[in-house]
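What follows is a single structure, written as structure tokens, with notes after it.
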Amino acid sequence: MERSVRPETRELGAALTAALERTGASVGMVYLLPAGARALRLAVLSGAPLDIAAPWTRVALGDPVPVADAVADGRLVWLADQEEMARRYPRPGLVLPYRFSLAALPLAADGTTWGGLVVLWPAGHPPTLSPRETEALRAGAERMADVVRTAAGTGDPLLPGPHPFLAHPADPAAPGAAQAAAALAFADRLPGGSCALDLDGRVTFVTRAAAELLGLPAERLLGALPWEALPWLDAPAVEDRYRAALISRETTAFTAVRPPGHRLRFRLHPDASGISVRVIPLPDLPEGGTRPRSAGESAGRRPAPPATPGRAGTLYHLMHLAAMFTEAVGVRDVAERTAEQMTPALGAQALALLLARDGRLRLVGHSGCDPELAERLYSVPVGAGTPEVRAFTGGSPLFFQSARELRAAYPSAGDRTPEGAWAFVPLIASGRPVGSLVLGFDRPRGFHSPERAVLSSLAGLIAQALDRARLYDAKHELVHSLQAGLLPHGLPRVPGLDVAARYLPAAVGMDVGGDFYDVIRLGDTACAVTIGDVQGHNVDAAALMGQVRTAVHATAGAPPGEVLARTNRLLLDLDPGLFTSCLYAHLDLARHRAVLATAGHPPPLCRHPDGRTASLDVPPGLLLGIEATAEYPETEVPLPPGALLALFTDGLVEVPGVHLDTTIADLAARIARGDPADLDALADAVVEHACRTAPRNDDMALVLLRTHP
């Protein structure tokens, strides 16, 4: 039974297939970006099997992947050919070494990015997109964005499901029975054999001659993947030619040997609906001739199915995993990427990663585990007599061909353990165990020596990535604890003034930032507010930020220009080699006025009581730390009851490819539309919008102040 699919998801699928038809493209993918998420999720797929798209079901916003760049920059990304893909995006170029063209563009509406669209053309596309294709892509993206925006507006946002929805174009009218019989007779009369594969690679049609050449009855071939039904076709080169035909839409060919020595030539003719295959017999190998044998095959017996797929798809999945580990940061990131890539690559039903910490093996990532198994593996003492602990403490992998065999060795596994094969592999980094990898398969099977070696090598790769990720997490926690300690833990209560502040670290990278803010009470009717940004993203920047904030705090109450001048001289005495922008404002609530001075910092926005919102005209001074004799002119502005000031750092308004005046105007419009009576809600809305509109590579600080009406 087909799983339940929301009508909006089907509408996305219809929009995707319509865009493919209008542009002549062969493969399409629709990604969604849930609110607050830092990764795109594949929601709809058309024109390719899920196995090929599996490495791209999750794309982090900072990944070096075309759709991530399209969403980050708000533009169409075009790759004319395989060479350009390999040059600009090495990771996908490594995993998809085929001839095709690609376009990626964001799904955006009302200033919000809701996801991304990726479209592939087969080999032979011209080096540029035509105006008609560009317009069709943009129209399709707008239609998709509108579907997602409308769903979000109803309070029931459209979220990607556990598996992408497979959208298929409308099937042409089926031929009559007489025509179908004539077509079958025509195929049977051709020399050699013929069969057809769908886009998932499964056999949908086979002639009698083809079945005889392949050595299996037609009923055993229909619905099967050729490399599973015919073990002698289970070779990387075979699936590579299939994938090449599917992606490039070009005819490909290969020769294989059916035991004991029957040579067959296969030609694959692809189109948008599947692949037609011609099978032509070649002269057999001479008696006693040699040929390559599949893993596990011996004379006189059929090779057993491998524990891992062992085909080109597996190799590309694992190459992709290795490339992703070079970019992964943090234990959680490594665990998520491992679970997403290895489960389909190894043909496993369940995968769990356990990392040793505080005398226990703790579950840090899993895929396909039922709730009972995930709960059992959540936190396991290293003294427990379980297979995952045994693999960890003993440093050797454990393989069980079935759950029955597992329960015989470890009764604690329980009767409800899925009945397939199980593998428990130690994660060893730099010669020491750091955790365990648990793999469960959907059916009993053996683990041959080459497959055990592959799993052990993979476990070593994962262990090294996790070990590096733990060091990253430790440093990340240290530097952000340092930064949190340098920022104010609370804001003072000033009679007649409402205050709200937000600080958000950079969305990418792990370095500590230099943004700071402070609100200083100067009495019952006056206060000072300051905000600034130290150049750089490292511990030095954070330390200087703390010194600048302390210096401003120590001189608060003096005229704003003097406060900045004293702070500037202090920075030059310290000679940190870093520059700092800073804005300082003195608010006199009794006289309803504010006096401001700035050292190269963006001027604040002011929302007047009637709702008009614009930047204040504050003459800019030099950045702090450049010139000892620098002066900082002061500006006095009225601050009537009900007025609102918004101070911010540039990380809140900088968007790649968009002029700063445009983004500041957008911020002003959002503040004008917000409810000034609820500063906390307004601050949250401003920061959330900034995070949704573009990936932020800098820290963000925002301070809102409103005088009581």
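Excluded from the calculations below are hydrogen atoms, water molecules and symmetry mates; all remaining heavy atoms, backbone and side chain alike, are included. Because the structure is predicted, anything quoted here is derived from the model rather than measured.
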Heavy atoms, side chains only, cut-off 4.5 Å: are [X] and [Y] in contact?
X    : Y    : result
D680 : L704 : no
V552 : D518 : no
M29  : V44  : no
L647 : L705 : yes
V529 : V703 : yes
H553 : I520 : yes
L102 : V119 : no
W114 : R149 : yes

When F516 is tested against each of D699, D533, I531, V548 for side chain to side chain contact (heavy atoms under 4.5 Å, CB included), which residue passes?
V548
State plainly whether the residues [X] and [Y] are in salt-bridge range, i.e. N to O under 4.0 Å.
X    : Y    : result
D156 : R6   : yes
R88  : E84  : yes
D333 : R38  : no
D146 : R143 : no
R337 : D63  : yes

For [X], does the [atom1] atom sit with more than 12 other heavy atoms under 6.0 Å from it, leaving out its own atoms?
X    : atom1 : value
E636 : CD    : yes
D617 : CG    : no
R332 : CZ    : no

To the closest 0.5 Å, what do you measure between [atom1] ([X]) and [atom2] ([Y])?
X    : Y    : atom1 : atom2 : answer
R569 : D573 : CZ    : CG    : 9.0 Å
R670 : L605 : CZ    : CG    : 13.5 Å
L644 : C606 : CG    : SG    : 7.5 Å
L129 : E135 : CG    : CD    : 12.5 Å
I671 : L679 : CD1   : CG    : 10.0 Å
E562 : E631 : CD    : CD    : 12.0 Å

For the student: nearest non-hydrogen atoms of [X] and [Y], plus distance:
X    : Y    : result
Y632 : A599 : CE2-CB, 3.6 Å
L624 : L564 : CD2-O, 3.6 Å
T707 : P640 : OG1-O, 2.9 Å
P560 : L596 : CB-C, 4.2 Å
G642 : R706 : O-NE, 4.2 Å
A701 : Y503 : CB-CD1, 4.2 Å

Counting only N and O atoms by type, is there a donor-acceptor contact under 3.5 Å from the side chain of [X] to the main-chain atoms of [Y]?
X    : Y    : answer
N568 : E627 : yes
T530 : L583 : yes
T663 : V653 : yes
H608 : D610 : no
R591 : R593 : no
T9   : V5   : no
T555 : A551 : yes
R502 : V686 : no
T567 : V563 : yes
S615 : P603 : no

Using side chain to side chain contact (heavy atoms under 4.5 Å, CB included), reason through M144 and V30 one step at a time and then give a plain yes or no.
CA-CA 9 Å; M144 298 173 200; V30 178; 3.7 Å; yes
Taking it one step at a time, do L639 and L645 satisfy side chain to side chain contact (heavy atoms under 4.5 Å, CB included)?
CA-CA 9 Å; L639 194 64; L645 289 178; 4.0 Å; yes
Could you walk me through whether H601 and D650 satisfy the side chain to side chain donor-acceptor pair (under 3.5 Å) test, starting with their C-alpha distance in whole Å, then the side-chain angles of each, then the deciding distance to 0.1 Å, before giving a yes or no?
CA-CA 8 Å; H601 198 84; D650 53 10; over 6 Å; no
Do L652 and L504 pass the side chain to side chain contact (heavy atoms under 4.5 Å, CB included) test, and can you show the C-alpha distance, the side-chain angles, and the key distance before you say yes or no?
CA-CA 9 Å; L652 187 73; L504 197 67; over 6 Å; no
Stepwise, does the side chain to side chain contact (heavy atoms under 4.5 Å, CB included) test hold for Y584 with T598?
CA-CA 6 Å; Y584 180 92; T598 177; over 6 Å; no
